[in-house]
Amino acid sequence: MSDIPLGVLDLVPITSGSTAADALRNSVDLARQTERFGYARYWFAEHHLNPGVAGTSPAVLLALTASATSTIRLGSGAVQLGHRTALSTVEEFGLLDALHPGRLDLGLGRSGGRPPGRPAEAPANVTPVVDGRAPNGLLVPPAFSFERLLGSPRIALQRKLLLLPGAEPQDYAEQIDDILALLAGTYRSAEGVEAHVVPGEGAELEAWILGSSGGQSAEVAGARGLRFAANYHVSPGTVLDAVDGYRAFFQPSDVLDKPYVSVSADVVVAEDDATARELSHGYAHWVRSIRTAEGAITYPTPDEARSLHWTDEDDGLVRDRIDTRFVGSPGRVADRLAQLQEATGADELLITTVTHDHTARVRSYELLAKEWRRR
């Protein structure tokens, strides 16, 4: 499997007893270490109003990390376009590219103040799922409904704080087209006025669309011939719909002549299964805090997690994420990642690992890289 590159997706988690500054220093260190281990990419997610996550601005994090690394590709996973304009996005990443040309991935997502998109209109899923399993046995649980999150007062508050008063997000597909045009230097307003972004125009950015379903994001990525990243770690129940939809919509472009897919997975690796399971304690409570729209809590220690209240309702809320997290020895986790790659046809895999102990987190990435390289 060593011909399938591995990348890193970093949420910049804040652990209990630590600070945002500690989380930032840990992320820069992890980027340095994973570059040394041979990972192909290092992406930062964007989240807001989460006490347990310091990743609020991918561009700022990329600037810090680019100065501390030299070869690994760096990117956003993803910039949330719902509260940004095409111009501000191209300007931010144009500045980064000016100092670090040819190393940056511009990952674009729909969320962040944007209201729910239209229902998915992708072609029917061509990968059969029987009794919650793909043909090769990959677990594909029932799709989680995000409706409870969309109706949360906290989500409404986030949208209010992210958007200027009276502002409405631009249509997503139109916004993507504007970004691509500004980067290419071909932008024209409806009145025929040109706009040229400096720095930004001609930037050597690799554009990606991130999506969790076979709906608009998959269609936009496919129809424009862009790279697509599907989120098994966020929405495992819809990952096959996402990759199948993208491939069905795909049209060759100047960028790609065939579809190109990355798929994310939650992973914890240790020398043995028991140690990995111990390190993974805390994850269920962390995901629960996100899925109730309370905002991610600071990531607890295993002992702290065992002392927290837990109900059957809590378990049902996060069971799909727990069952699809790959936890264990290097061999066990590599086997499950190979299964994910086979089921989705992924060209790359994007690994996200969260543990309370930073040393254990670094070690998890190291052990996985060694095992993956061996195969």
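Counting begins at 1 with the first residue of the sequence.
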TODO: State plainly whether the residues R332 and D335 are in salt-bridge range, i.e. N to O under 4.0 Å.
DONE: no
Please tell me whether T19 and D22 have a donor and an acceptor in their side chains that are separated by less than 3.5 angstrom. yes
Stepwise side-chain hydrogen bond (donor to acceptor under 3.5 Å, both in side chains) check, H233 with S264 | CA-CA 6 Å; H233 87 282; S264 63; 2.7 Å; yes
Discussion item. Please tell me whether D266 and Y232 have a donor and an acceptor in their side chains that are separated by less than 3.5 angstrom.
Written reply: no
**Message:** Whether the side chain of Q341 engages the backbone of A346 through a donor-acceptor N/O pair (distance < 3.5 Å, no angle test) should be reported.
**Reply:** yes
key: Ionic contact status for E366 with R361, cut-off 4.0 Å   = no
Original post:
For R103 and T71, does a side-chain donor sit closer than 3.5 Å to a side-chain acceptor?
Top reply: no
**Q.** Distance-only donor-acceptor check, side chains D272 and S329, under 3.5 Å
**A.** no
Residues T353 and V267: closest non-hydrogen pair is OG1-O, 2.7 Å
One should read off an interatomic distance between I72 CD1 and T34 OG1, to the nearest 0.5 angstrom, of 4.0 Å
Under a 3.5 Å threshold, yes or no: a donor from one side chain and an acceptor from the other, between E342 and N136? yes
Are any of the side-chain nitrogens in R291 or D314 under 4.0 Å away from the carboxylate oxygens of its partner?
-> no
Check: Do we see a donor-acceptor contact under 3.5 Å between the side chains of E201 and H196?
Finding: yes
All heavy atoms of D171 vs all of Q216, minimum pair found to be OD1-NE2, 4.2 Å
Side chains of F326 and V269, heavy atoms from C-beta outward: is any pair under 4.5 Å? no
Would S189 and E191 count as having a side-chain donor-acceptor pair, cut-off 3.5 Å? yes
>> Under a 3.5 Å distance rule, please check whether T292 uses its side chain to pair with a backbone N or O of R288 as donor and acceptor.
In response: yes
| query | Under 4.0 Å between a Lys/Arg side-chain N and an Asp/Glu carboxylate O for D105 and R227? | reply | no
Heavy-atom nearest pair, R224 first then I176, reads CD-CG2, 4.1 Å
Next item on the list: Find out whether the Lys NZ or Arg CZ of R110 is both under 6.0 angstrom from the six-membered ring centre of Y172 and within 45° of the ring's axis.
Entry: yes
* Asked: When you check the side-chain N and O atoms of E348 and Y260, is any donor under 3.5 Å from an acceptor?
  -> yes
Checking R321 against Y283: charged group under 6.0 Å from the ring centre and within 45 degrees of the axis?
no
| task | Taking the side chain as every heavy atom from C-beta outward, state whether T301 and S16 have any pair of such atoms under 4.5 Å apart. | result | yes
Whether the D10 and S27 side chains hold a donor-acceptor pair (N or O, under 3.5 Å, no angle test) is what I'd like checked. yes
d(Q33 CD, T359 OG1) to nearest 0.5 Å is 9.5 Å
Subject >> Salt-bridge contact D323-R319 (side-chain N to carboxylate O under 4.0 Å) >> reply: yes
The single option from Y39, Y42, W372 that satisfies ring-ring contact (aromatic ring centres under 6.0 Å, His included) with Y365 is Y39
Should E35 and R41 count as an ion pair when the cut-off is N to O under 4.0 Å? no
Looking only at heavy atoms, the pair that brings A296 and S289 closest together is CA-OG, 3.3 Å
>> Before you tell me yes or no, could you show the steps for S76 and E46 under side chain to side chain contact (heavy atoms under 4.5 Å, CB included), namely the whole-Å CA-CA distance, both residues' side-chain angles and the distance that decides it to 0.1 Å?
In response: CA-CA 8 Å; S76 53; E46 177 182 347; over 6 Å; no
